[in-house]
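Read the structure below first, then the notes.
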Amino acid sequence: MNRKKVSLRQELPLLVWLVFVWCALWQNFSPGNLLFGALIAVLVARVFYLPPVELGGRFNVLRAVPFAIIFLGKVVAASFQVLYLAVARGPRVVSAIVAVPLRSHSDILVTATGHVISLIPGSLVVEVDRSTSTLYIHGINVRNAEDAAKLRKDVRDTEAGLIRILGTKEELSALTQESAA
Amino acid sequence: MMQIVLTVSAVVLSLAAAGAIVRIARGPSLLDRVLAADVLLAIFGAALCIDMAVNRHLNNLMLLVAISLIGFVGSVTVARFVADRRENVRES
Amino acid sequence: MNPETVIDAVSAVFMVTGALMSLAAAIGLLRFPDLMSRMHAATKPQVLGLFLLLTALGLQMRTWWVWPVLLVAWLFQLLTVPVSAHMVGRAGYRTKHLHPELLSADELEAVVQQAAAKRRADGDTGR
């Protein structure tokens with residue numbers, strides 16, 4: 001197997017996550033367990049090698065916290081929307097499949113956007129075109145072109161939020177230019 | 001108070017499980033049945049969670065994780081299998 | 001009113017709401033007309049329901065060291081549910097489980113047909 005050299009900085013988020021999972025599963029955050037967890041994390045990352053995820057190299061915590069809170073609120077809204085639609089509309093619900101081209105071409109951003117919009121109200125990813133980074137989204141209760149435009153704007157806004165959190169510098173500057181224009 | 005909560009949620013979860021089982025029995029296609037089975041597993045998970053919360057223990061936690069894992073692996077496997085059988089020209 | 005009763009009341013509300021979310025999923029499964037809409041019903045209430053129930057569990061245990069493992073359990077759910085929903089939805093679309101009369105727009109169909117035409121044009125030499 002041809003191993004690309006992975007810098008420690010690139011691997012650090014993975015190692016921290018592995019240590020956290022280890023300690024959470026043991027329900028024990030004592031220094032000894034942390035150390036042993038770190039040892040196992042390094043061992044696992046070396047032995048079970050996977051291609052590294054290309055992160056943009058930045059993570060904006062100040063943007064991430066409000067995003068997470070809004071996301072949680074949207075998850076709650078999504079469930080109650082489904083409950084309302086199931087009880088009130090039932091068999092008469094009308095949906096649509098909408099194509100949404102994304103700005104970013106990085107795998108992590110497309111994946112994250114897909115995950116987030118699968119969980120917010122009224123949208124679900126049906127198909128992904130990786131070469132043009134277009135998401136095909138099934139929107140529930142989309143009755144006309146106006147609703148479809150609203151759904152498309154929703155998805156683009158979600159992606160903009162994610163770019164502000166972990167997009168690369170180029171994507172960020174493109175985004176600020178776009179919103180300024 | 002916990003007794004009331006336990007009774008109410010037991011009734012609600014039983015109704016939900018009955019609904020999911022009806023969909024498994026009626027479901028016009030295989031994918032509908034898989035989806036309903038996934039929901040049924042989630043309902044079992046919810047029941048385990050409520051049992052833990054009411055009786056204040058954590059014995060079922062690994063069972064809960066195992067159940068959601070089974071649901072995930074099961075539905076992904078069946079989805080792939082269905083897609084492959086109908087459309088054997090295309091890989092994916 | 002002492003904090004014990006408040007915590008108990010909050011977790012009781014969370015537990016009942018979480019159970020109701022399972023019922024919402026079941027109602028959606030029974031009432032929605034096609035596979036795609038049922039998928040919405042199967043995924044979204046499931047995530048919120050587990051969140052509420054795990055929070056209730058954490059509140060009832062009254063120790064801090066259960067929170068990380070509950071968080072890990074929920075995050076795994078958060079990562080796996082959209083993936084399985086996407087796989088099922090994709091298989092459903094490709095095997096024509098849609099009812100076109102229930103869709104107000106379908107922007108994927110043209111792309112799929114284009115790809116199929118291209119495959120036919122490439123002919124049998126390819127594979």
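Chain identifiers are assigned alphabetically (A, B, ...) following the order of the sequence lines, protein sequences preceding nucleic acid strands; residue numbering begins at 1 within each chain. As a basis for the values below, the full set of heavy atoms in this structure was taken, side chains included, without hydrogen atoms, waters or symmetry mates.
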Original post:
Using non-hydrogen atoms only, which part of A/A148 is less than 4.5 Å away from chain C: side chain, backbone, both, or neither?
Top reply: neither
**OP:** Evaluate side-chain contact (heavy atoms from CB on, under 4.5 Å) for A/I137 paired with A/V126, printing each intermediate quantity in order.
**Re:** CA-CA 6 Å; A/I137 291 163; A/V126 178; over 6 Å; no
**OP:** To the nearest 0.5 angstrom, please state how far the CG atom of A/D157 sits from the OG1 atom of A/T113.
**Re:** 11.5 Å
Original post:
What part of A/W22 gets closer than 4.5 Å to chain C, counting heavy atoms only: side chain, backbone, both or neither?
Top reply: neither
Subject >> Contact winner vs chain A - C/G89, C/S37, C/G28, C/A25, heavy-atom pairs under 4.5 Å >> reply: C/S37
Original post:
So which part of C/L71 gets closer than 4.5 Å to some heavy atom of chain A, the side chain, the backbone, both or neither?
Top reply: side chain
**OP:** Tell me yes or no: between the side chains of A/S30 and A/N33, is some donor less than 3.5 Å from an acceptor?
**Re:** no
Subject >> Side-chain donor-acceptor contact under 3.5 Å, C/N2 with C/T5 >> reply: yes
**OP:** Answer yes or no: is there an ion pair linking A/E159 with A/R164, defined by an N-O contact shorter than 4.0 Å?
**Re:** no
**OP:** Quickly, which of C/R38, C/M36, C/M39 forms a side-chain contact (heavy atoms from CB on, under 4.5 Å) with C/V88? Name it, please.
**Re:** C/M39
**OP:** Can you check whether anything in residues 66-73 of chain A gets within less than 4.5 Å of chain C, heavy-atom wise, and list it by number?
**Re:** A/F71, A/L72
Subject >> C/Q60 versus C/S11, side-chain donor and acceptor atoms under 3.5 Å >> reply: yes
**OP:** Name the option with the most non-hydrogen atom pairs under 4.5 Å to chain C; the candidates are A/S123, A/G114, A/A78.
**Re:** A/S123
Original post:
Which distance, rounded to the nearest 0.5 Å, do you find between the CD of C/Q46 and the CG of A/L119?
Top reply: 10.5 Å
Original post:
For C/L75, is it the side chain, the backbone, both or neither that has a heavy atom under 4.5 Å from a heavy atom of chain A?
Top reply: side chain
Subject >> Residues A/R152 and A/D147 bridged, charged N to O under 4.0 Å >> reply: no
Subject >> Greatest number of heavy atom pairs closer than 4.5 Å to chain C - which of A/V98, A/N141, A/I120 >> reply: A/V98
